[in-house]
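A quick write-up on the structure given underneath.
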Amino acid sequence: MHETTTENEAALDLVLDYSRKRLTARDLPLDKSVSSADLRRLAPPAVTEDGIGAARALAVFEHVLAPACITTDHPRYLSFIPSAPSKAAAAFDIVVSASALYGGSWLEGAGAVHAENEVLRWLADEFGLPAGSGGVFVQGGTLGNLSALVAAREDARGRGTAPGRWAVVCSAEAHSSIASAARVMDVDVVAVAPGEDGVLRGDAVRAALDEHGERVFAVVATAGSTNFGIVDDLAGIAEVTTERGTWLHVDGAYGLAGRLSTRRREVFAGLEHADSVIVDPHKWLFAPFDACALIYRDPERGRRAHTQHAEYLDTLTETKDWSPSDFAAHLTRRPRGLPTWFSLATYGVRAYREAIDAAIDLAAEIGRVIAGRPELSLVREPQLSVVVFERVGWTKADYDAWSARLLDEQLAFVTPSSHRGRPNARFAIVNPRTTIEDLTAILDTMS
Ligand SMILES: Cc1ncc(COP(=O)(O)O)c(C=O)c1O
């Protein structure tokens with residue numbers, strides 16, 4: 001299994017040839033999921049005492065398993081938050097695996113950690129965070145939010161606060177991962193109503209802090225809500241958290257990429273006051289799954305909360321080295337920031353800004369088209385690159401049937417959403433290959 005043999009080289013060729021074909025294909029189908037019964041029938045057992053060999057296993061993957069997975073980087077995949085890795089980023093993920101890199105400690109992975117830190121430094125500068133800020137790439141936004149909130153609570157504990165129950169304040173439209181983190185941490189969520197426009201503002205946060213006092217160890221502001229792409233009033237919220245000395249965490253898993261744009265910089269004013277932020281390169285920064293950049297204003301506060309201590313780790317923890325494992329709820333880690341590093345190095349930051357601008361412009365353009373069609377109505381004006389709209393007269397069942405038809409016909413993947421109990425349709429646009437023609441063709445199916 002581990003020697004360089006003719007057989008292993010042949011397996012490697014097969015895998016690299018497949019990867020090249022996938023990464024250079026011009027017109028991939030959307031594909032769709034298949035029932036478990038069908039997969040059991042179509043895919044022969046591969047995990048057997050003798051194995052089935054690389055060629056057969058790859059054939060099963062190529063012809064049965066891969067087509068049963070939706071193409072998340074397809075230009076007409078517009079559900080949830082799509083993925084759109086650049087060619088360079090996706091290709092470099094192969095290098096990361098091939099190199100058996102360990103990204104947990106400086107001792108073992110200094111070169112990889114240096115490159116990841118270059119990306120984190122660049123992001124921190126773009127976000128207006130101070131020179132000492134830094135962090136780590138974790139698996140995803142959920143783990144990034146959890147790790148930041150654990151650090152925030154540890155920080156509050158370190159200052160001697162000891163309420164009966166801790167609480168975190170966030171918008172009622174914050175991502176579900178905040179509630180998930182609160183469950184894991186066994187703390188309460190104080191969900192504050194945002195304005196009609198979906199924006200959480202400082203006065204509402206102030207009222208929540210007045211009511212819940214020192215129980216509150218962190219306020220979470222969302223920079224680009226998942227449902228609408230709306231950015232909370234970061235400046236107004238930061239004014240309150242600064243005044244009260246409460247940790248401000250900014251969840252920008254999807255939307256903080258918008259800060260790189262030349263279009264919407266002003267909506268992120270106040271970001272520079274955050275104690276911690278996250279942004280997911282696997283969303284709108286063109287990296288493959290899975291990568292979330294978690295940055296602390298003062299990384300020591302992250303380190304104090306998260307460093308694991310054990311005899312066999314003393315070699316690592318007794319030094320002052322920068323070890324990424326120390327900054328989140330994890331130990332072993334792949335240096336998952338490297339594909340982003342390679343992609344940024346390949347294309348330059350300007351290409352990123354332009355691609356993000358293009359998504360924002362496209363969202364605005366399709367928003368105007370929707371507003372101009374009598375059978376459609378926008379639920380809210382798009383702010384970044386999420387567009388939510390209703391088809392007049394449609395029930396939830398109509399949206400469900402329409403969405404299933406789009407996928408059956410391989411036209412698009414657009415899952416229905418809802419707002420305050422009313423069903424709607426939602427385009428999440430991050431893929432630079434998505435065109436206005438793609439989107440209008442989908443709208444045409446609703447008339
Ligand atoms: C605003 C926001 N926060 C957190 C998350 C969770 O990120 P992940 O799915 O990478 O765990 C998402 C995912 O869409 C999100 O949009």
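For ligands, and for the atoms within them, numbers begin at 1 and follow the listed sequence.
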Main-chain N/O of [Y] paired with [X] side-chain donor or acceptor, under 3.5 Å:
X      : Y      : value
Thr161 : Ala156 : yes
His282 : Ala291 : yes
Ser147 : Gly144 : no

Heteroatom distance test (Gly141, ligand 1): nitrogen or oxygen, under 3.5 angstrom
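Looking only at distances, the answer is yes, because the N/O contact criterion of under 3.5 Å is met.
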So, does Cys292 sit close enough to ligand 1 that a heavy atom of it is under 4.0 Å from the ligand?
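No; Cys292 lies far enough from ligand 1 that no heavy-atom distance drops under 4.0 Å.
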When you measure from the heavy atoms of His282 to every atom of ligand 1, does any distance fall below 4.0 Å?
yes
Nearest protein heavy-atom contact for atom 9 (O) of ligand 1: which residue, which atom, what distance?
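Protein heavy atom with the smallest distance to atom 9 (O) of ligand 1: Lys283 NZ, 3.6 Å.
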Sub-4.0 Å atoms of ligand 1 with respect to non-hydrogen atoms of [X]:
X      : answer
Thr142 : 6 (C), 7 (O), 8 (P), 11 (O)
Gly140 : 10 (O), 11 (O)
Thr226 : 1 (C), 2 (C), 14 (O), 15 (C), 16 (O)

Evaluation steps, salt bridge (charged side-chain N to carboxylate O under 4.0 Å, His left out), between Arg121 and Glu118
CA-CA 5 Å; Arg121 182 70 261 136; Glu118 190 179 354; over 6 Å; no
Parallel, tilted or perpendicular: rings of Trp284 and Tyr254 (30°, 60°)
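Parallel.
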